[in-house]
Amino acid sequence: QHQEGSAELTNPIEAEMDKISFIFNNLSLMNLTAKTDDIKEVLKIDENLMHAKWLAQYLVMKRASIEPNFHALYSQFLVVLKSERLYDEVIKETYKNIGILLRADKSMANFSDRSLLKNLGHWLGLMLLARNKPILMVDLDMKHLIIEAYHGGQQEKQQELLYVVPFVAKVLESAAKSKVFKPPCPWTTGLMNILAELHAEPDLKLNLKFEIEVLCKTLNLEISELRPGNALKDYQRLGKLLDIKGFGMNTSQQLPSLQKPMMEEMKGFKQDN
Amino acid sequence: EINLMDELTLKGITQYYAFVQERQKVHCLNTLFSKLQINQSIIFCNSTQRVELLAKKITELGYSCYYIHAKMAQAHRNRVFHDFRAGLCRNLVCSDLFTRGIDIQAVNVVINFDFPKMAETYLHRIGRSGRFGHLGVAINLITYDDRFALHRIEQELGTEIRPIPRDIDKSLYVAEFHQEEENEES
(Lines give C-alpha, C1' and ligand atoms only; values in the text may rest on other atoms or scores of the structure.)
Protein backbone atom coordinates (compact mmCIF):
# COMPACT_ATOMS: atom_id res chain seq x y z
CA GLN A 1 0.00 0.00 0.00
CA HIS A 2 3.06 2.11 0.52
CA GLN A 3 4.03 2.04 -3.12
CA GLU A 4 0.89 3.74 -4.33
CA GLY A 5 1.27 6.08 -7.27
CA SER A 6 4.73 4.91 -8.21
CA ALA A 7 3.52 3.49 -11.50
CA GLU A 8 3.39 6.89 -13.11
CA LEU A 9 7.03 7.55 -12.33
CA THR A 10 9.64 6.93 -14.93
CA ASN A 11 12.34 5.52 -12.76
CA PRO A 12 15.99 6.10 -13.43
CA ILE A 13 17.69 3.12 -15.02
CA GLU A 14 19.23 0.47 -12.80
CA ALA A 15 22.78 1.80 -13.08
CA GLU A 16 21.58 5.22 -11.96
CA MET A 17 19.66 3.75 -9.05
CA ASP A 18 22.73 1.79 -8.00
CA LYS A 19 24.76 4.97 -7.99
CA ILE A 20 22.14 6.72 -5.87
CA SER A 21 22.13 3.81 -3.42
CA PHE A 22 25.87 3.96 -3.19
CA ILE A 23 25.85 7.69 -2.62
CA PHE A 24 23.21 7.55 0.11
CA ASN A 25 24.94 4.61 1.78
CA ASN A 26 27.98 6.85 2.05
CA LEU A 27 26.40 10.24 2.67
CA SER A 28 27.68 12.06 5.73
CA LEU A 29 28.06 15.65 6.89
CA MET A 30 31.72 15.63 5.92
CA ASN A 31 31.19 14.80 2.26
CA LEU A 32 27.79 16.38 1.83
CA THR A 33 28.77 18.91 -0.83
CA ALA A 34 30.67 16.43 -2.98
CA LYS A 35 27.98 13.77 -2.74
CA THR A 36 25.26 16.27 -3.50
CA ASP A 37 27.08 17.23 -6.69
CA ASP A 38 27.34 13.55 -7.58
CA ILE A 39 23.60 13.11 -7.20
CA LYS A 40 22.91 16.15 -9.34
CA GLU A 41 25.15 14.76 -12.01
CA VAL A 42 23.56 11.31 -11.98
CA LEU A 43 19.92 12.38 -11.92
CA LYS A 44 19.88 15.87 -13.43
CA ILE A 45 16.84 16.68 -11.35
CA ASP A 46 16.68 20.27 -12.54
CA GLU A 47 15.96 19.16 -16.08
CA ASN A 48 14.16 15.95 -15.33
CA LEU A 49 10.97 16.28 -13.30
CA MET A 50 10.45 12.54 -13.17
CA HIS A 51 13.84 12.05 -11.61
CA ALA A 52 13.07 14.70 -9.03
CA LYS A 53 9.87 12.89 -8.15
CA TRP A 54 11.68 9.59 -7.95
CA LEU A 55 14.41 11.02 -5.74
CA ALA A 56 11.82 12.59 -3.45
CA GLN A 57 10.07 9.26 -3.13
CA TYR A 58 13.34 7.46 -2.47
CA LEU A 59 14.39 10.00 0.14
CA VAL A 60 11.08 9.90 1.98
CA MET A 61 10.16 6.23 1.73
CA LYS A 62 13.50 4.52 1.75
CA ARG A 63 15.49 6.87 3.91
CA ALA A 64 13.61 9.39 6.07
CA SER A 65 10.87 6.97 7.07
CA ILE A 66 13.28 4.32 8.33
CA GLU A 67 16.47 6.19 9.20
CA PRO A 68 15.46 8.77 11.79
CA ASN A 69 19.06 8.83 12.97
CA PHE A 70 19.98 10.67 9.75
CA HIS A 71 17.09 13.14 9.55
CA ALA A 72 19.36 16.11 10.27
CA LEU A 73 21.75 14.94 7.56
CA TYR A 74 19.03 14.49 4.95
CA SER A 75 17.54 17.84 5.83
CA GLN A 76 20.94 19.44 5.37
CA PHE A 77 21.28 17.56 2.10
CA LEU A 78 18.20 19.36 0.79
CA VAL A 79 19.64 22.68 1.93
CA VAL A 80 22.88 22.04 0.07
CA LEU A 81 21.08 20.74 -3.01
CA LYS A 82 19.07 23.96 -3.22
CA SER A 83 16.38 22.63 -5.49
CA GLU A 84 12.99 24.08 -4.80
CA ARG A 85 11.44 21.48 -7.02
CA LEU A 86 12.90 18.60 -5.06
CA TYR A 87 11.95 20.24 -1.75
CA ASP A 88 8.35 20.64 -2.92
CA GLU A 89 8.24 17.04 -4.09
CA VAL A 90 9.65 15.86 -0.77
CA ILE A 91 6.92 17.71 1.14
CA LYS A 92 4.26 16.27 -1.16
CA GLU A 93 5.67 12.78 -0.77
CA THR A 94 5.87 13.14 3.01
CA TYR A 95 2.22 14.20 3.29
CA LYS A 96 1.22 11.43 0.93
CA ASN A 97 2.87 8.72 2.98
CA ILE A 98 1.60 10.12 6.25
CA GLY A 99 -1.87 10.11 4.73
CA ILE A 100 -1.58 6.50 3.67
CA LEU A 101 -0.43 5.44 7.12
CA LEU A 102 -3.12 7.45 8.89
CA ARG A 103 -5.84 6.02 6.69
CA ALA A 104 -4.63 2.46 7.17
CA ASP A 105 -6.38 0.22 9.65
CA LYS A 106 -5.35 1.33 13.11
CA SER A 107 -7.29 -1.25 15.06
CA MET A 108 -4.39 -3.63 15.43
CA ALA A 109 -1.09 -3.23 17.15
CA ASN A 110 0.99 -2.57 14.07
CA PHE A 111 4.34 -1.46 15.43
CA SER A 112 5.97 -0.92 12.10
CA ASP A 113 3.25 1.49 10.94
CA ARG A 114 3.53 3.31 14.21
CA SER A 115 7.24 3.79 14.00
CA LEU A 116 7.04 4.80 10.34
CA LEU A 117 4.47 7.40 11.35
CA LYS A 118 6.65 8.67 14.15
CA ASN A 119 9.62 8.93 11.84
CA LEU A 120 7.66 10.72 9.13
CA GLY A 121 6.18 13.02 11.77
CA HIS A 122 9.61 14.01 12.93
CA TRP A 123 10.69 14.45 9.32
CA LEU A 124 7.69 16.65 8.51
CA GLY A 125 8.34 18.86 11.52
CA LEU A 126 11.94 19.21 10.48
CA MET A 127 11.01 20.02 6.87
CA LEU A 128 8.37 22.62 7.78
CA LEU A 129 8.19 23.87 11.36
CA ALA A 130 11.95 23.95 11.88
CA ARG A 131 12.17 26.03 8.68
CA ASN A 132 9.42 28.36 9.88
CA LYS A 133 6.97 27.01 7.35
CA PRO A 134 3.41 26.20 8.39
CA ILE A 135 1.57 22.90 8.32
CA LEU A 136 -1.65 23.89 6.64
CA MET A 137 -4.96 22.51 7.80
CA VAL A 138 -5.76 21.32 4.28
CA ASP A 139 -2.64 19.19 4.31
CA LEU A 140 -2.75 17.88 7.84
CA ASP A 141 -5.17 18.78 10.60
CA MET A 142 -3.56 17.51 13.76
CA LYS A 143 -6.21 18.90 16.10
CA HIS A 144 -8.93 16.96 14.37
CA LEU A 145 -6.69 13.95 14.20
CA ILE A 146 -6.36 13.89 17.99
CA ILE A 147 -10.08 14.41 18.57
CA GLU A 148 -10.97 11.75 16.07
CA ALA A 149 -8.52 9.27 17.57
CA TYR A 150 -9.81 10.00 21.05
CA HIS A 151 -13.31 8.94 20.02
CA GLY A 152 -12.37 6.19 17.61
CA GLY A 153 -11.23 2.63 17.96
CA GLN A 154 -13.79 0.60 19.80
CA GLN A 155 -12.26 -2.87 20.03
CA GLU A 156 -9.17 -1.81 21.85
CA LYS A 157 -9.58 1.40 23.73
CA GLN A 158 -7.12 4.15 22.85
CA GLN A 159 -5.70 2.10 20.00
CA GLU A 160 -5.83 5.01 17.58
CA LEU A 161 -4.30 7.35 20.09
CA LEU A 162 -1.28 5.07 20.16
CA TYR A 163 -0.73 6.02 16.52
CA VAL A 164 -1.71 9.65 16.63
CA VAL A 165 -0.24 11.04 19.85
CA PRO A 166 3.37 9.94 19.27
CA PHE A 167 3.06 11.14 15.67
CA VAL A 168 1.80 14.61 16.67
CA ALA A 169 4.42 14.84 19.41
CA LYS A 170 7.18 14.09 16.90
CA VAL A 171 5.89 16.74 14.52
CA LEU A 172 5.71 19.37 17.25
CA GLU A 173 9.18 18.62 18.55
CA SER A 174 10.59 20.79 15.78
CA ALA A 175 8.58 23.79 16.96
CA ALA A 176 11.27 24.18 19.63
CA LYS A 177 13.78 25.07 16.90
CA SER A 178 11.53 27.53 15.13
CA LYS A 179 11.40 31.26 15.60
CA VAL A 180 7.81 31.30 14.48
CA PHE A 181 6.34 28.16 15.99
CA LYS A 182 7.99 27.92 19.37
CA PRO A 183 5.61 28.68 22.21
CA PRO A 184 3.84 31.01 22.81
CA CYS A 185 2.90 30.66 19.13
CA PRO A 186 -0.89 30.33 19.25
CA TRP A 187 -0.99 27.48 16.72
CA THR A 188 1.43 25.42 18.77
CA THR A 189 -0.17 26.41 22.06
CA GLY A 190 -3.57 25.39 20.75
CA LEU A 191 -2.30 21.92 19.99
CA MET A 192 -0.47 21.72 23.30
CA ASN A 193 -3.68 22.60 25.12
CA ILE A 194 -5.47 19.71 23.49
CA LEU A 195 -2.60 17.41 24.42
CA ALA A 196 -2.79 18.74 27.98
CA GLU A 197 -6.49 17.98 28.00
CA LEU A 198 -5.73 14.48 26.86
CA HIS A 199 -2.99 14.22 29.47
CA ALA A 200 -5.55 15.01 32.17
CA GLU A 201 -7.70 12.05 31.14
CA PRO A 202 -7.46 9.65 34.05
CA ASP A 203 -7.28 6.47 32.00
CA LEU A 204 -4.84 7.64 29.34
CA LYS A 205 -2.11 5.09 28.76
CA LEU A 206 1.05 5.83 30.64
CA ASN A 207 3.33 5.79 27.62
CA LEU A 208 1.13 8.42 25.92
CA LYS A 209 1.29 10.58 29.03
CA PHE A 210 5.07 10.30 28.86
CA GLU A 211 5.09 11.30 25.20
CA ILE A 212 3.20 14.46 26.08
CA GLU A 213 5.43 15.22 29.06
CA VAL A 214 8.59 14.74 27.02
CA LEU A 215 7.21 17.08 24.35
CA CYS A 216 6.46 19.71 26.99
CA LYS A 217 10.03 19.44 28.18
CA THR A 218 11.37 19.80 24.65
CA LEU A 219 9.26 22.89 24.14
CA ASN A 220 10.24 24.27 27.53
CA LEU A 221 6.68 24.22 28.79
CA GLU A 222 5.23 23.18 32.11
CA ILE A 223 2.25 21.00 31.60
CA SER A 224 0.58 22.68 34.56
CA GLU A 225 0.87 26.04 32.84
CA LEU A 226 -1.07 24.90 29.81
CA ARG A 227 -4.74 25.64 29.63
CA PRO A 228 -6.64 22.55 28.63
CA GLY A 229 -10.06 23.38 27.21
CA ASN A 230 -12.82 20.95 26.42
CA ALA A 231 -12.14 20.30 22.76
CA LEU A 232 -12.16 16.54 23.21
CA LYS A 233 -15.64 16.54 24.63
CA ASP A 234 -17.14 19.27 22.51
CA TYR A 235 -19.73 16.98 21.06
CA GLN A 236 -21.41 19.60 19.00
CA ARG A 237 -18.20 20.32 17.23
CA LEU A 238 -17.40 16.65 17.03
CA GLY A 239 -20.71 15.93 15.39
CA LYS A 240 -20.01 18.57 12.82
CA LEU A 241 -16.53 17.33 12.30
CA LEU A 242 -17.63 13.77 11.73
CA ASP A 243 -20.52 14.84 9.60
CA ILE A 244 -18.56 17.08 7.31
CA LYS A 245 -15.35 15.19 6.98
CA GLY A 246 -16.57 11.68 7.62
CA PHE A 247 -12.95 10.79 8.34
CA GLY A 248 -13.55 7.61 6.45
CA MET A 249 -15.34 6.19 9.42
CA ASN A 250 -18.76 4.77 9.86
CA THR A 251 -19.64 7.25 12.52
CA SER A 252 -22.60 5.67 14.19
CA GLN A 253 -20.70 2.46 14.83
CA GLN A 254 -17.41 3.85 15.88
CA LEU A 255 -18.55 6.48 18.31
CA PRO A 256 -18.39 5.57 21.95
CA SER A 257 -21.68 4.61 23.48
CA LEU A 258 -21.81 7.93 25.26
CA GLN A 259 -22.19 9.53 21.90
CA LYS A 260 -24.92 7.38 20.54
CA PRO A 261 -27.97 9.37 21.57
CA MET A 262 -26.60 12.46 19.93
CA MET A 263 -25.83 10.64 16.73
CA GLU A 264 -29.34 9.24 16.69
CA GLU A 265 -30.67 12.76 16.92
CA MET A 266 -28.50 13.85 14.06
CA LYS A 267 -29.70 11.02 11.92
CA GLY A 268 -33.29 11.96 12.62
CA PHE A 269 -32.49 15.51 11.76
CA LYS A 270 -31.03 14.55 8.42
CA GLN A 271 -33.97 12.41 7.51
CA ASP A 272 -36.41 15.22 8.32
CA ASN A 273 -34.72 17.43 5.83
CA GLU B 1 24.45 1.16 26.40
CA ILE B 2 25.55 -0.90 29.34
CA ASN B 3 24.71 -4.41 28.42
CA LEU B 4 24.57 -7.01 31.09
CA MET B 5 23.62 -9.87 28.82
CA ASP B 6 26.44 -12.28 28.29
CA GLU B 7 24.70 -14.16 25.57
CA LEU B 8 25.20 -13.17 21.97
CA THR B 9 22.55 -14.19 19.54
CA LEU B 10 22.35 -14.62 15.79
CA LYS B 11 18.59 -14.33 16.01
CA GLY B 12 17.24 -11.73 13.61
CA ILE B 13 20.45 -11.71 11.56
CA THR B 14 20.24 -13.11 8.05
CA GLN B 15 23.59 -14.51 7.02
CA TYR B 16 24.91 -14.84 3.50
CA TYR B 17 28.18 -15.66 1.87
CA ALA B 18 29.58 -14.58 -1.48
CA PHE B 19 32.25 -16.76 -3.03
CA VAL B 20 34.99 -14.48 -4.36
CA GLN B 21 38.65 -14.30 -5.18
CA GLU B 22 40.82 -12.10 -3.02
CA ARG B 23 41.24 -9.52 -5.77
CA GLN B 24 37.49 -9.30 -6.36
CA LYS B 25 36.71 -8.35 -2.78
CA VAL B 26 36.69 -4.59 -3.20
CA HIS B 27 34.60 -4.87 -6.32
CA CYS B 28 32.20 -7.09 -4.44
CA LEU B 29 32.02 -4.50 -1.66
CA ASN B 30 31.13 -1.86 -4.25
CA THR B 31 28.33 -4.03 -5.55
CA LEU B 32 26.97 -4.56 -2.06
CA PHE B 33 27.04 -0.83 -1.44
CA SER B 34 25.09 -0.23 -4.64
CA LYS B 35 22.43 -2.84 -3.96
CA LEU B 36 21.86 -2.83 -0.23
CA GLN B 37 20.11 -0.19 1.78
CA ILE B 38 22.57 0.57 4.50
CA ASN B 39 21.91 2.71 7.50
CA GLN B 40 25.34 2.10 9.02
CA SER B 41 27.70 -0.78 8.39
CA ILE B 42 30.69 -2.44 9.98
CA ILE B 43 33.29 -4.12 7.79
CA PHE B 44 35.65 -6.61 9.45
CA CYS B 45 39.18 -7.47 8.38
CA ASN B 46 41.49 -10.05 9.93
CA SER B 47 44.50 -7.84 10.64
CA THR B 48 45.27 -4.25 11.57
CA GLN B 49 47.25 -3.72 8.36
CA ARG B 50 44.36 -4.88 6.25
CA VAL B 51 42.02 -2.58 8.17
CA GLU B 52 44.17 0.42 7.34
CA LEU B 53 44.69 -0.65 3.74
CA LEU B 54 41.03 -1.26 3.08
CA ALA B 55 39.93 1.93 4.79
CA LYS B 56 42.39 3.91 2.68
CA LYS B 57 41.32 2.15 -0.51
CA ILE B 58 37.60 2.60 -0.07
CA THR B 59 37.90 6.18 1.16
CA GLU B 60 39.53 6.91 -2.18
CA LEU B 61 36.56 5.25 -3.84
CA GLY B 62 34.18 7.68 -2.17
CA TYR B 63 33.07 5.76 0.89
CA SER B 64 32.26 7.48 4.11
CA CYS B 65 34.36 5.45 6.49
CA TYR B 66 36.36 5.42 9.68
CA TYR B 67 38.64 2.69 10.82
CA ILE B 68 39.48 1.30 14.19
CA HIS B 69 41.82 -1.48 15.27
CA ALA B 70 43.52 -2.95 18.29
CA LYS B 71 46.82 -1.13 17.79
CA MET B 72 45.30 2.31 18.11
CA ALA B 73 45.47 4.14 21.45
CA GLN B 74 42.40 3.55 23.58
CA ALA B 75 41.49 7.25 23.64
CA HIS B 76 41.66 7.41 19.87
CA ARG B 77 39.53 4.28 19.56
CA ASN B 78 36.94 5.67 21.92
CA ARG B 79 36.77 8.84 19.89
CA VAL B 80 36.28 7.00 16.60
CA PHE B 81 33.70 4.68 18.07
CA HIS B 82 31.82 7.56 19.66
CA ASP B 83 31.75 9.53 16.40
CA PHE B 84 30.64 6.48 14.47
CA ARG B 85 27.87 5.85 16.94
CA ALA B 86 26.82 9.49 16.60
CA GLY B 87 26.48 8.94 12.85
CA LEU B 88 29.25 11.31 11.74
CA CYS B 89 30.29 8.63 9.36
CA ARG B 90 28.35 5.76 7.81
CA ASN B 91 30.76 2.86 7.77
CA LEU B 92 33.39 1.47 10.06
CA VAL B 93 36.25 -0.78 9.03
CA CYS B 94 37.69 -2.69 11.95
CA SER B 95 39.55 -5.64 13.34
CA ASP B 96 38.33 -7.83 16.16
CA LEU B 97 37.99 -5.72 19.22
CA PHE B 98 34.40 -6.00 20.24
CA THR B 99 33.99 -8.71 22.78
CA ARG B 100 30.32 -8.36 23.39
CA GLY B 101 28.79 -7.92 20.01
CA ILE B 102 27.82 -4.66 18.44
CA ASP B 103 25.17 -2.70 20.20
CA ILE B 104 24.56 0.04 17.69
CA GLN B 105 20.99 -0.10 16.53
CA ALA B 106 21.65 1.83 13.34
CA VAL B 107 24.07 -0.82 12.09
CA ASN B 108 21.94 -3.01 9.85
CA VAL B 109 24.71 -4.47 7.72
CA VAL B 110 27.86 -6.27 8.86
CA ILE B 111 30.37 -7.44 6.29
CA ASN B 112 33.14 -9.95 6.90
CA PHE B 113 35.58 -8.68 4.32
CA ASP B 114 37.88 -11.37 5.69
CA PHE B 115 36.24 -14.47 7.04
CA PRO B 116 37.34 -15.31 10.59
CA LYS B 117 38.97 -18.58 11.56
CA MET B 118 37.16 -19.15 14.83
CA ALA B 119 33.48 -19.56 15.53
CA GLU B 120 33.83 -17.39 18.62
CA THR B 121 35.24 -14.53 16.57
CA TYR B 122 32.41 -14.90 14.08
CA LEU B 123 29.85 -14.74 16.85
CA HIS B 124 31.44 -11.65 18.35
CA ARG B 125 31.42 -9.90 15.01
CA ILE B 126 27.97 -10.84 13.80
CA GLY B 127 26.03 -11.66 16.94
CA ARG B 128 24.02 -9.07 18.71
CA SER B 129 23.58 -8.80 22.40
CA GLY B 130 20.57 -7.50 24.17
CA ARG B 131 16.97 -8.41 24.45
CA PHE B 132 15.76 -7.83 20.95
CA GLY B 133 18.53 -9.05 18.74
CA HIS B 134 18.12 -6.23 16.25
CA LEU B 135 17.46 -7.04 12.64
CA GLY B 136 20.38 -7.14 10.32
CA VAL B 137 22.11 -8.80 7.46
CA ALA B 138 25.61 -10.26 7.61
CA ILE B 139 27.58 -10.86 4.45
CA ASN B 140 30.69 -13.00 4.37
CA LEU B 141 33.19 -12.73 1.55
CA ILE B 142 34.51 -16.27 1.22
CA THR B 143 37.62 -17.21 -0.69
CA TYR B 144 38.65 -20.70 -1.73
CA ASP B 145 40.81 -21.00 1.40
CA ASP B 146 37.91 -20.08 3.66
CA ARG B 147 35.63 -22.86 2.48
CA PHE B 148 36.35 -25.26 5.34
CA ALA B 149 36.18 -22.57 7.98
CA LEU B 150 32.78 -21.54 6.66
CA HIS B 151 31.46 -25.05 7.00
CA ARG B 152 33.00 -25.57 10.43
CA ILE B 153 31.72 -22.31 11.87
CA GLU B 154 28.27 -22.98 10.52
CA GLN B 155 28.30 -26.35 12.28
CA GLU B 156 29.74 -25.11 15.54
CA LEU B 157 27.25 -22.31 15.84
CA GLY B 158 24.37 -24.39 14.58
CA THR B 159 23.43 -21.67 12.14
CA GLU B 160 22.87 -21.32 8.43
CA ILE B 161 24.92 -19.17 6.12
CA ARG B 162 23.34 -19.21 2.67
CA PRO B 163 24.70 -18.12 -0.69
CA ILE B 164 23.81 -14.52 -1.43
CA PRO B 165 20.75 -14.16 -3.67
CA ARG B 166 20.53 -11.62 -6.47
CA ASP B 167 18.10 -9.50 -4.53
CA ILE B 168 18.05 -9.45 -0.79
CA ASP B 169 14.63 -8.98 0.72
CA LYS B 170 14.72 -5.61 2.49
CA SER B 171 12.42 -6.81 5.23
CA LEU B 172 15.29 -8.93 6.49
CA TYR B 173 17.42 -6.03 7.58
CA VAL B 174 15.57 -2.74 7.26
CA ALA B 175 14.24 -2.36 10.76
CA GLU B 176 10.92 -0.66 10.32
CA PHE B 177 9.48 -3.32 8.09
CA HIS B 178 9.81 -5.61 11.02
CA GLN B 179 6.83 -6.46 13.15
CA GLU B 180 8.11 -6.44 16.67
CA GLU B 181 6.91 -9.33 18.71
CA GLU B 182 7.55 -7.66 22.00
CA ASN B 183 4.54 -5.95 23.44
CA GLU B 184 5.69 -2.46 24.31
CA GLU B 185 2.45 -1.31 25.82
CA SER B 186 1.70 0.02 29.30
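Numbered from 1 within each chain, the chains take letters A, B, ... in sequence-line order. All values below were derived from every heavy atom in this structure, side-chain atoms included, with hydrogens, water molecules and symmetry-related copies excluded.
- Within 6.0 Å of CD in Q105(B) there are 12 or fewer heavy atoms belonging to other residues, nucleotides or ligands.
- We find the CZ-CG distance between R85(B) and N69(A) to be 12.0 Å, quoted to the nearest 0.5 Å.
- Annotation for Q74(B): atom CD counts as buried by contact number, over 12 foreign heavy atoms lying within 6.0 Å.
- Looking at L27(A), both its backbone and its side chain come within 4.5 Å of chain B, counting heavy atoms on both sides.
- For the pair R90(B) and F24(A), the NZ or CZ position fails the cation-pi test of under 6.0 Å to the six-membered ring centre and within 45 degrees of the ring normal.
- Interatomic distance, OG of S64(B) versus CE of M30(A), reported as 5.0 Å (0.5 Å rounding).
- For N25(A) against N91(B), the heavy-atom pair with the smallest separation is O-ND2, 3.6 Å.
- For Q37(B) (side chain) and S21(A) (main-chain N/O), no donor-acceptor pair under 3.5 Å exists by modelled atom type.
- For the atom pair CG of L29(A) and SG of C89(B), the computed distance is 11.0 Å after rounding to the nearest 0.5 Å.
- Looking at L61(B), only its backbone comes within 4.5 Å of chain A, counting heavy atoms on both sides.
- Between chain A and the options A106(B), G62(B), S41(B), heavy-atom pairs under 4.5 Å are most frequent for G62(B).
- Legend: residues meeting salt bridge (Lys or Arg N to Asp or Glu O under 4.0 Å) with R79(B), ordered by chain and number and at least two apart, are D83(B).
- Contacts between residues 31-42 of chain A and chain B, defined by a heavy-atom separation under 4.5 Å, are made by N31(A), K35(A).
- More than 12 heavy atoms of other residues, nucleotides or ligands lie within 6.0 Å of CD in E201(A), so this atom counts as buried by the packing criterion.
- A donor-acceptor contact shorter than 3.5 Å is absent between the side chain of N39(B) and the backbone of E67(A).
- Put simply, the side chain of K35(B) does not reach to within 4.5 Å of the side chain of F22(A), judged on heavy atoms.
- Note that OG of S28(A) and OH of Y66(B) are 7.5 Å apart. Values are rounded to the nearest 0.5 Å.
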